[in-house]
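When a residue number appears, it is its place in the shown sequence, counting from 1.
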Amino acid sequence: MADCTNIVRQLVIYALESNIQHTQQISIVKTIAALVNKSNDGWELIDLHMAQLNTEDPFAYHIATSFTTILQEDELILTKASFANTSALYKQRIFYHCIPKLMHRIETSSSGGIQFNHLCAFSYIITHLPISIISSESRKIIAGIIMSLQFLSDATLVTSLLRVTQQIVVPSAINNEIIPADHFRALIDTLLNLSSGHPASIVRVAALKCLGSFAAGTTSSTPPASGLTQPQLLLQSVSKQVVKQLVIALDDKKRHVRKEAVACRARWFALAG
């Protein structure tokens with residue numbers, strides 16, 4: 001077994017260092033197998049993948065996207081039909097193993113290219129994990145989500161991130177979970193910029209939906225006897241700015257974007273009073 005593990009490890013190293021895409025795909029399958037099999041070697045292989053993000057080589061982007069394959073459901077080999085143990089617990093472990101390391105490198109990297117690679121890996125992990133795994137971790141991932149929304153341009157990936165934000169971050173904020181005020185305001189500003197400035201209409205609509213969810217959830221919640229909650233106070237403090245900036249989206253060239261902008265602005269107008 002040890003010899004087999006060493007062979008797999010050398011295959012992964014060869015794939016990652018030689019930039020050969022089909023060999024990389026084999027290494028990904030081997031990594032998944034090790035993780036599903038609850039082998040400690042799987043985490044060493046994951047770290048080997050992550051180490052390759054610390055370069056500005058264009059191939060590093062393919063390494064970042066490989067987390068999609070590692071986390072998505074396998075339909076060919078590692079299935080219950082083939083008697084594989086397909087417990088999803090390894091996905092939860094990937095979150096706790098990878099996200100802190102990626103966030104540290106994102107925050108400390110002085111290279112734009114290396115930071116971009118880690119933001120991509122972070123985003124692919126976040127958007128391919130079950131919501132149940134990360135629903136209670138919004139405070140840990142909010143900074144990474146904001147930076148990813150600000151710097152990544154891929155419309156499909158950004159849209160997926162916006163959906164995660166709407167499903168996790170918005171409810172957490174409305175339910176008075178502690179999210180730093182500066183992150184709160186930065187997220188609102190980012191959503192406003194995406195709602196009018198992103199070239200893909202699918203992203204503009206997703207940003208408007210996410211932005212509207214903040215106001216809708218806040219206006220529908222009942223204030224405590226002592227007054228407004230902290231999230232309500234924060235949202236009210238930026239409500240006039242949001243209503244003003246949403247005018248840009250009202251003039252969008254796409255009808256479905258304008259329609260979503262009208263609904264979003266109405267919710268924030270009600271919040272502004």
Side-chain angles (χ1 to χ4, degrees), residues 123 126-150 152 155-198 200-224 228-250 252 254-273:
S123 300
I126 292 298
T127 57
H128 285 82
L129 282 171
I131 293 298
S132 59
I133 291 178
I134 55 177
S135 58
S136 62
E137 305 293 346
S138 58
R139 190 177 182 184
K140 295 180 181 179
I141 63 177
I142 181 66
I145 286 178
I146 293 171
M147 292 184 69
S148 298
L149 291 174
Q150 290 173 341
L152 302 184
T156 302
L157 183 55
V158 172
T159 301
S160 297
L161 275 173
L162 288 169
R163 289 171 181 160
V164 170
T165 303
Q166 187 173 357
Q167 290 178 288
I168 295 175
V169 179
V170 175
S172 295
I174 292 172
N175 292 331
N176 207 23
E177 293 185 19
I178 299 174
I179 294 178
D182 54 341
H183 286 165
F184 206 102
R185 295 189 179 93
L187 179 58
I188 296 296
D189 287 341
T190 301
L191 293 174
L192 283 169
N193 291 335
L194 289 173
S195 70
S196 59
H198 199 281
S201 63
I202 187 175
V203 171
R204 300 198 297 275
V205 168
L208 288 166
K209 286 182 181 293
C210 189
L211 197 59
S213 295
F214 274 108
T218 304
T219 53
S220 63
S221 60
T222 303
L228 298 177
T229 64
Q230 185 65 18
Q232 288 173 325
L233 290 171
L234 280 170
L235 287 169
Q236 279 201 342
S237 70
V238 299
S239 58
K240 292 183 179 179
Q241 171 201 348
V242 173
V243 169
K244 183 178 180 180
Q245 287 192 234
L246 282 173
V247 172
I248 301 174
L250 292 176
D252 197 279
K254 296 290 186 179
R255 183 178 179 277
H256 61 291
V257 178
R258 296 196 301 271
K259 181 179 178 181
E260 194 62 46
V262 170
C264 178
R265 192 168 186 266
R267 295 186 184 118
W268 278 91
F269 194 81
L271 181 63

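Here Arg163 contributes atom CZ and Ile131 contributes atom CD1; the two are 11.5 Å apart, rounded to the nearest 0.5 Å. Annotation: the span from His256 atom NE2 to Lys259 atom NZ amounts to 11.0 Å, rounded to 0.5 Å. Between the CD atom in Gln166 and the CG atom in Leu211 there is a gap of 10.0 Å [rounded to 0.5 Å]. From Lys254, atom NZ reaches atom CD1 of Ile202 across 12.0 Å, with rounding to the nearest 0.5 Å. Atoms CG and OG, on Leu149 and Ser123 in that order, are 7.5 Å from each other to the nearest 0.5 Å. Interatomic distance, Ile188 CD1 to Cys210 SG, rounded to the nearest 0.5 Å: 8.0 Å.
Using a 4.5 Å cut-off on side-chain heavy atoms (C-beta onward), Val242 and Leu191 make no contact. In this structure, the side chains of Lys209 and Leu162 stay at 4.5 Å or more apart for every pair of heavy atoms. Side-chain contact between Gln241 and Leu192: present, with at least one pair of heavy atoms (C-beta onward) separated by less than 4.5 Å. Counting heavy atoms from C-beta outward, Leu271 and Phe214 have side chains that stay 4.5 Å or more apart. Contact of the Ile134 side chain with the Val164 side chain is registered, since non-hydrogen atoms from C-beta on lie closer than 4.5 Å. With contacts defined as side-chain heavy-atom distances shorter than 4.5 Å, the pair Leu187/His183 does not qualify. Considering only heavy atoms from C-beta on, Leu208 comes within 4.5 Å of Leu246 through its side chain. Between Val247 and Arg265, some side-chain heavy-atom pair lies under the 4.5 Å cut-off.
Nearest heavy-atom pair, Cys264 versus Gly212, reported as atom, atom and distance to 0.1 Å: SG-N, 3.6 Å. For the pair Thr127 and Leu161, the tightest heavy-atom approach, listed with the atom from each and the gap, is CG2-N, 3.7 Å. Residues Ala200 and Ala155 come closest through the heavy atom pair CB-CB, 3.7 Å.
Gln150 and Asn193 form no side-chain donor-acceptor contact under 3.5 Å, judged by distance and modelled atom types alone.
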Item to check | Trace of the side-chain contact (heavy atoms from CB on, under 4.5 Å) decision for Ile145 with Thr190 | outcome: CA-CA 10 Å; Ile145 286 178; Thr190 301; over 6 Å; no
Next on the checklist: Apply side-chain contact (heavy atoms from CB on, under 4.5 Å) to residues Asp189 and Val238 and explain how you reach the verdict.
Outcome noted: CA-CA 9 Å; Asp189 287 341; Val238 299; over 6 Å; no
Item to check | Check against side-chain contact (heavy atoms from CB on, under 4.5 Å), Phe184 and Leu235 | outcome: CA-CA 9 Å; Phe184 206 102; Leu235 287 169; 3.5 Å; yes
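The environment of Leu152 atom CG is dense: over 12 non-hydrogen atoms of other residues, nucleotides or ligands sit within 6.0 angstrom.
Side-chain N or O atoms of Arg267 include none that pairs as donor or acceptor with a backbone N or O of Ser213 at under 3.5 Å. No donor-acceptor distance shorter than 3.5 angstrom exists from the side chain of Arg204 to the backbone of Ser196, with no hydrogens or angles considered.
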